[in-house]
Amino acid sequence: MCGITGWVSFHQDPRTQTPVIEAMTATLAPRGPDADGVWVGPRAAIGHRRLAVIDIAGGVQPMTDRPDAPTTVLTYSGEIYNHHGLRSQLRGLGHEFRTGSDTEVVLRGYAEWGEEVADHLDGMFAFAVWDERAQRLLLVRDRLGVKPLFWAALDGGLAFASEPKALFVHPEIRPRVDADGLREAYSLLFNTGPTVWSGVREVEPGGLLLLDRDGIRERRYWRLAAAAHPDDRDTTVARVHDLVSTAARAQLAADVPLCSLLSGGIDSTVLTALLAGELRLREGPGARIRSYAVDYNDQAEGFTGDVLRTGHDTPYATEAGAFIGTDHSTVVLDPRALLDPEHRKAVVVARDSPIGVGDMDTSLYLLFGEIRKHSTVALSGEAADEVFGGYPWFHNPKALAASTFPWLLVTGDEAAMPLNPELDLRIDEFRADTYRTALAAVPHLDGETPTEHRQREMQHLSLTRWLRQLLHRKDRLSMAQGLEVRVPYCDHRLVEYAFTTPWTLKNFDGREKSLLRAAGTGLAPDSVLHRPKNHYPATHHPDYNRGLQNMARDALADDTVRSLADETRVKPCLDTPPGQLEWGHRLRLERVVDLALWLDHYQPELAL
């Protein structure tokens with residue numbers, strides 16, 4: 001994993017601005033604490049920060065096709081899990097390799113296939129290739145959007161980076177926010193492409209961008225498709241087991257210590273069991289994988305449920321670790337540590353956005369910091385809910401019948417940042433228009449029943465929108481601590497197979513994630529296999545609530561914060577006794593605090 005950045009200009013010579021690419025690259029140091037490098041030519045400047053995971057000695061970047069007079073320059077972030085097979089294939093086609101890195105496989109793959117190299121890659125990745133002969137820049141992002149990639153147009157070219165903060169170092173790009181950006185951020189629709197920043201866009205998941213003297217062209221090389229499902233239940237369960245196992249096996253590859261995130265839910269437990277089994281096959285029966293969970297020091301005696309959480313995770317995680325045979329640790333946090341202004345600021349800066357989930361972001365950031373003391377790579381069960389139908393909205397008749405994005409029904413606008421109505425952002429209208437556009441993009445089969453039709457819509461919305469913000473969260477908060485997080489449930493072959501599987505099979509026992517539960521039989525304790533969905537843990541300690549209220553009051557003392565926030569909707573949250581503050585109302589305060597920190601750090605130009 002790494003951080004990438006650079007720019008191309010057909011109007012200026014980047015060699016006269018070498019300090020700029022060096023400064024852009026430096027902003028990404030947390031993503032790549034092990035090494036840095038830049039390459040500068042007459043039309044392109046390319047930067048890289050490295051987190052060394054595979055071929056520690058050989059995978060130095062930016063990587064060129066030849067040391068002298070290079071014709072191709074690559075800066076790459078991610079992991080290519082099929083790089084061994086591709087290396088053999090490319091050698092058979094006459095390519096020679098200098099290193100054992102997956103980076104060079106991407107470089108040689110581009111030399112052989114051009115932009116179609118993306119079709120050959122299995123993994124999570126974002127990369128840029130500057131082709132000196134063709135005078136062309138290629139940007140590519142993985143199919144599910146696990147790795148981020150942003151860009152902004154320049155006079156005669158464009159700049160790109162793993163995170164927007166690197167773009168803002170370039171003299172032609174300033175942090176600017178307009179009404180469209182606020183609408184994108186606070187509508188909670190998770191569009192791909194636009195961002196909160198005016199002029200800054202994302203390369204779409206499964207997408208690529210080409211820049212040459214004729215301009216910018218974008219296209220998708222991958223998208224979800226509907227297809228007939230030929231398999232019966234037993235075959236489908238076996239196929240799911242094989243696909244998850246294959247993804248887990250491939251993603252164990254690393255030349256550094258790795259671990260698993262084990263929450264005590266079915267997703268992480270099944271994954272950890274498969275990882276542990278594969279590790280024992282490779283290293284012997286005594287091999288044990290490290291596993292980690294997070295908790296708060298007030299939860300053991302006083303767990304408090306809410307709209308997203310019905311049970312305490314730690315006992316299940318401990319039981320799962322013992323059942324599988326992991327070296328399990330629970331990172332126990334003091335809720336008051338989540339109020340530390342430096343921690344809060346670090347999280348907001350990592351996100352480059354005012355939109356997050358407050359204490360849950362801060363606790364995840366602290367968890368990753370503890371894990372990084374022992375491991376460089378962690379594997380996560382993220383995306384299983386989207387793939388297998390685990391969220392309440394797949395099963396709730398109200399959500400299925402609603403004509404809006406289903407996650408907006410979980411807490412409604414109670415959890416949204418209450419923006420000043422004088423801004424007139426028309427968010428309701430924007431949500432309605434976006435929802436119609438989102439449904440129009442869902443592929444369907446002829447003759448689908450109404451149930452199958454609606455469930456395919458739910459899964460498509462979940463995979464292409466809701467998952468996007470979860471992957472952003474994992475990437476930004478882990479990479480801020482120099483930790484690589486891999487997500488085997490995002491393997492595109494698994495996602496494609498599950499998307500074509502009828503809802504009657506996904507829900508064959510009348511419960512969420514029926515297929516994963518069946519495929520995981522014997523891999524997890526029964527208590528975990530049959531446990532209801534539980535979201536990431538949160539503290540309800542009155543001291544945290546009280547401190548949050550005080551931070552929100554301080555935030556509202558700022559004129560700019562008050563001009564953006566609707567004080568009339570925030571004030572009741574400030575006046576509620578700390579022990580009675582509901583989760584949705586508390587998240588409203590979290591958004592006020594994060595807004596203040598974001599404004600203070602970026603000092604954006606507000607064009608409202």
Side-chain angles (χ1 to χ4, degrees), residues 1-29 31-32 34-52 58-78 98-99 101-111 114-115 117-118 125-141 147-173 203 208-213 216:
M1 208 63 62
C2 303
I4 68 173
T5 189
W7 85 87
V8 169
S9 175
F10 295 111
H11 292 175
Q12 301 180 41
D13 187 340
R15 291 175 295 186
T16 66
Q17 296 178 288
T18 298
V20 175
I21 187 60
E22 292 174 340
M24 292 173 70
T25 304
T27 65
L28 302 174
R31 297 187 72 91
D34 296 327
D36 68 318
V38 300
W39 180 93
V40 184
R43 288 289 171 261
I46 307 295
H48 187 267
R49 291 289 316 199
R50 187 181 186 207
L51 177 64
V60 177
Q61 297 186 53
M63 184 174 285
T64 60
D65 58 342
R66 54 193 186 196
D68 300 321
T71 63
T72 309
V73 184
L74 170 70
T75 184
Y76 154 77
S77 170
R98 303 190 305 264
T99 76
S101 68
D102 57 339
T103 304
E104 190 174 5
V105 170
V106 178
L107 183 70
R108 305 298 173 190
Y110 173 80
E115 66 190 72
V117 64
F125 49 84
F127 62 85
V129 178
W130 170 247
D131 190 324
E132 186 76 9
R133 288 174 295 190
Q135 294 285 283
R136 182 178 72 171
L137 176 72
L138 170 67
L139 302 180
V140 180
R141 192 174 179 200
K147 291 291 101 186
L149 185 53
F150 297 86
W151 65 277
L154 303 176
D155 180 23
L158 66 78
F160 65 88
S162 296
E163 299 178 6
K165 60 175 63 69
L167 300 176
F168 299 143
V169 175
H170 194 283
E172 291 186 40
I173 305 171
V203 176
L208 58 81
L209 178 150
L210 288 163
L211 167 74
D212 57 22
R213 292 181 183 276
I216 295 171

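These numbers come from the heavy atoms of this one structure, side chains and all, not from hydrogens, waters or symmetry mates.
For V169, the side chain to side chain contact (heavy atoms under 4.5 Å, CB included) criterion is met by A23, M24, T27, not counting sequence neighbours. Scored by the side chain to side chain contact (heavy atoms under 4.5 Å, CB included) test, D155 finds H11, E172 as partners (sequence neighbours excluded). Applying the side-chain hydrogen bond (donor to acceptor under 3.5 Å, both in side chains) test to W151 and every residue at least two apart in sequence or in another chain returns nothing. In this structure, the side-chain hydrogen bond (donor to acceptor under 3.5 Å, both in side chains) partners of T103, at least two apart in sequence or on a different chain, are Q61. In this view, R66 and T71 satisfy the side chain to side chain contact (heavy atoms under 4.5 Å, CB included) rule, not counting sequence neighbours. Every residue meeting the side-chain hydrogen bond (donor to acceptor under 3.5 Å, both in side chains) condition with E115, not counting sequence neighbours, appears here in chain and number order: R219. Residues passing the side chain to side chain contact (heavy atoms under 4.5 Å, CB included) test with V140 are A118, F125, F127, L138, L208, Y221, sequence neighbours excluded.
Within the 4.5 Å cutoff, no side-chain heavy atoms of F160 are placed close to those of L209. Between T5 and T75, every side-chain heavy-atom pair lies at or beyond the 4.5 Å cut-off. Annotation: side chain of M63 is in contact with side chain of S101 (closest heavy-atom distance under 4.5 Å). Side-chain contact between V20 and P171 is present, with heavy atoms from C-beta onward closer than 4.5 Å. P42 is listed as a side-chain neighbour of E132, based on a closest heavy-atom distance under 4.5 Å.
Judged purely by atom type and a 3.5 angstrom limit, S77 has no side-chain atom pairing as donor or acceptor with the backbone of G3.
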- Message: Assess the residue pair I4 and L28 against the criterion (side chain to side chain contact (heavy atoms under 4.5 Å, CB included)); give the C-alpha distance rounded to whole Å, side-chain angles, the decisive distance to 0.1 Å, and a yes or no.
- Response: CA-CA 8 Å; I4 68 173; L28 302 174; 5.8 Å; no
Please set out all donor-acceptor pairs under 3.5 angstrom arising from side-chain atoms of residues 104-111, sequence neighbours excluded.
residue	atom	partner	partner atom	Å
E104	OE1	R98	N	3.1
E104	OE1	T99	N	2.7
E104	OE1	T99	OG1	2.7
E104	OE2	R98	N	2.9
E104	OE2	R108	NE	3.1
E104	OE2	R108	NH2	3.0
R108	NE	E96	O	3.4
R108	NH1	D65	O	3.2
R108	NH2	D65	O	3.4
Y110	OH	D131	OD2	2.7
Y110	OH	R136	NH2	3.0

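Listed by first and then second residue, the salt bridge (Lys or Arg N to Asp or Glu O under 4.0 Å) pairs that reach into residues 4-26 are D13-R15, sequence neighbours excluded. Counting only residues at least two apart or in different chains, side chain to side chain donor-acceptor pair (under 3.5 Å) contacts with residues 34-43 are absent.
A perpendicular orientation is assigned to the rings of H170 and W7, their planes being inclined by more than 60° (bins at 30° and 60°).
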